[in-house]
Amino acid sequence: MSVIVYLENWEGKFKKNTFEAAQYAAKTAAMMGTEAIGVTFGDLQDDASQLGKYGLSKVVNLKGGDFTEFNNYKLAAALKDVAAQNGGDTYIVSGTFNGKAVAPVLAVMTEAGLITNVTELPSSVAPLSVKRSVFSSKGFVSYSTDAANKIVVFIPNAVGVEEGEGSAEVIEGSVSIGDVPQTSVTETDRVKGKIPLPEAERVVSGGRGMKGPENWGMLEELADLLDAGTACSKPVSDMGWRPHTEHVGQTGIAINPDLYIAVGISGAIQHLAGVSNSKVIVVINSDAEAPFFKAADYGVVGDAFDVIPKLTAAVKKFKA
Ligand SMILES: Cc1cc2nc3c(=O)[nH]c(=O)nc-3n(C[C@H](O)[C@H](O)[C@H](O)COP(=O)(O)OP(=O)(O)OC[C@H]3O[C@@H](n4cnc5c(N)ncnc54)[C@H](O)[C@@H]3O)c2cc1C
């Protein structure tokens, strides 16, 4: 029995998601009285031994032609084989775009109990019990599985990460992946010079209340000061005021930042579906009856064009 964790890297570099997955796996393994083994793919630029700071004692790096391009079937087959080599029966995956593509395939290959949208560390490991969000994060349910193989997919940034001490042993592994379907990346549209929304710890978001694209400069300035990503409601991207990559909600990206500042957004249920996992929500809206205030931790009733410059000035003063 051991815990296998998919350690995603982006062009050889690890991000906070990777560390969070490593720590989730290490803590789960500790509860089970076993070890967690990380698996990462392709040539690395970062030193994988640093994953020891998040509790891993061993990282298997798989290289070669099979792993130069993203293919969820090959990755799943490789994870399964690493598990077979190490007696692994529990898999931890961060719910990133790639993680969400790998986990269901892995579940079919290993006939595993798959639990997605997990928001906390397991409450018990025999049977494995975890809390997950349901109905677009309007509720939570505790799930248990006593399946022989188990896969936990947690929502990125839901459990957080703390750096500790330690160094992991990094070994170059080899696996047999067999004959699997071929999937390939046909096009990559890279958002340059911005904090990608799925990994942003802070997000400044604008809605139709911003009146027009020409007014986004003030939100971008505030976002820059806060090291935040920028997001928007669906109508804003539908009207072409902002790119679709910024659209959050039920039909857009689901995000989970530490801080979400919503400016001139009414708080429709479809918008909340993508942002209500945010740890702190600040709503700025001129209408005191706007539904978003019910979901807010802090609310400012006021005109965005009045409030945002004052907030920006206050942040500048604070930072100075
Ligand atoms: C199937 C389906 C899926 C959908 N998916 C999504 C989704 O993924 N994401 C999403 O966002 N929406 C989604 N929607 C649309 C959603 O229902 C709402 O229509 C949308 O979120 C409203 O966007 P908004 O809040 O920007 O605009 P509005 O509803 O027009 O709200 C504008 C807000 O700005 C405030 N305001 C106006 N002027 C100012 C000012 N000067 N200062 C401060 N506040 C001001 C107003 O009081 C108002 O609350 C979906 C709808 C459907 C039917």
Side-chain angles (χ1 to χ4, degrees), residues 95-97 100 116-117 119 132-139 155-158 189 191 194-200 202-223 225-226 228-315:
T96 58
F97 288 125
K100 283 183 191 164
T116 57
N117 283 343
T119 55
R132 72 181 297 258
S133 74
V134 290
F135 300 127
S136 302
S137 301
K138 287 200 286 294
I155 297 175
N157 204 30
D189 189 3
V191 181
K194 291 188 179 179
I195 301 174
L197 276 180
E199 61 200 56
R202 288 170 287 277
V203 173
V204 177
S205 188
R208 215 150 33 180
M210 289 303 296
K211 316 291 186 208
E214 67 280 5
N215 296 322
W216 243 261
M218 67 171 88
L219 297 189
E220 287 177 320
E221 186 186 7
L222 179 61
L225 277 169
L226 295 170
T230 47
C232 67
S233 65
K234 182 173 183 294
V236 163
S237 65
D238 286 348
M239 289 185 290
W241 293 1
R242 299 297 293 175
H244 274 289
T245 48
E246 291 194 359
H247 157 201
V248 290
Q250 184 183 320
T251 46
I253 300 175
I255 55 171
N256 197 30
D258 295 336
L259 174 66
Y260 184 70
I261 303 179
V263 188
I265 302 176
S266 56
I269 196 81
Q270 297 90 353
H271 185 84
L272 292 178
V275 305
S276 56
N277 276 322
S278 308
K279 298 198 175 60
V280 174
I281 296 179
V282 178
V283 170
I284 299 167
N285 197 304
S286 51
D287 175 7
E289 302 298 320
F292 218 149
F293 283 119
K294 292 202 177 86
D297 297 284
Y298 299 93
V300 181
V301 179
D303 187 330
F305 298 90
D306 199 21
V307 176
I308 294 298
K310 286 183 183 153
L311 181 57
T312 302
V315 175

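Numbering of ligands and ligand atoms starts at 1, following listing order.
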- Within-4.5 Å side-chain heavy-atom neighbours: R242 and T230: yes
- Message: Do F292 and L272 have side chains that approach each other closer than 4.5 Å (heavy atoms only, starting at C-beta)?
- Response: yes
- Query: Between atom OG1 of T312 and atom CG of L222, what is the distance when rounded to the nearest 0.5 Å?
  - Reply: 4.5 Å
- Indicate whether any N or O donor in one side chain lies under 3.5 Å from an N or O acceptor in the other, for T119 and R132. no
- Mind checking whether W216 and W241 have parallel, tilted or perpendicular rings, split at 30° and 60°? perpendicular
- Task: Could you check whether the rings of H271 and Y260 sit parallel, tilted or perpendicular, using 30° and 60° as the cut-offs?
- Result: tilted
- Message: Counting only heavy atoms and a distance below 4.0 Å, can you name the residues contacting ligand 1?
- Response: G207, R208, G209, K211, S233, K234, P235, H247, V248, G249, Q250, T251, G252, G264, I265, S266, A268, Q270, H271, N285, S286, D287, G302, D303, A304, F305
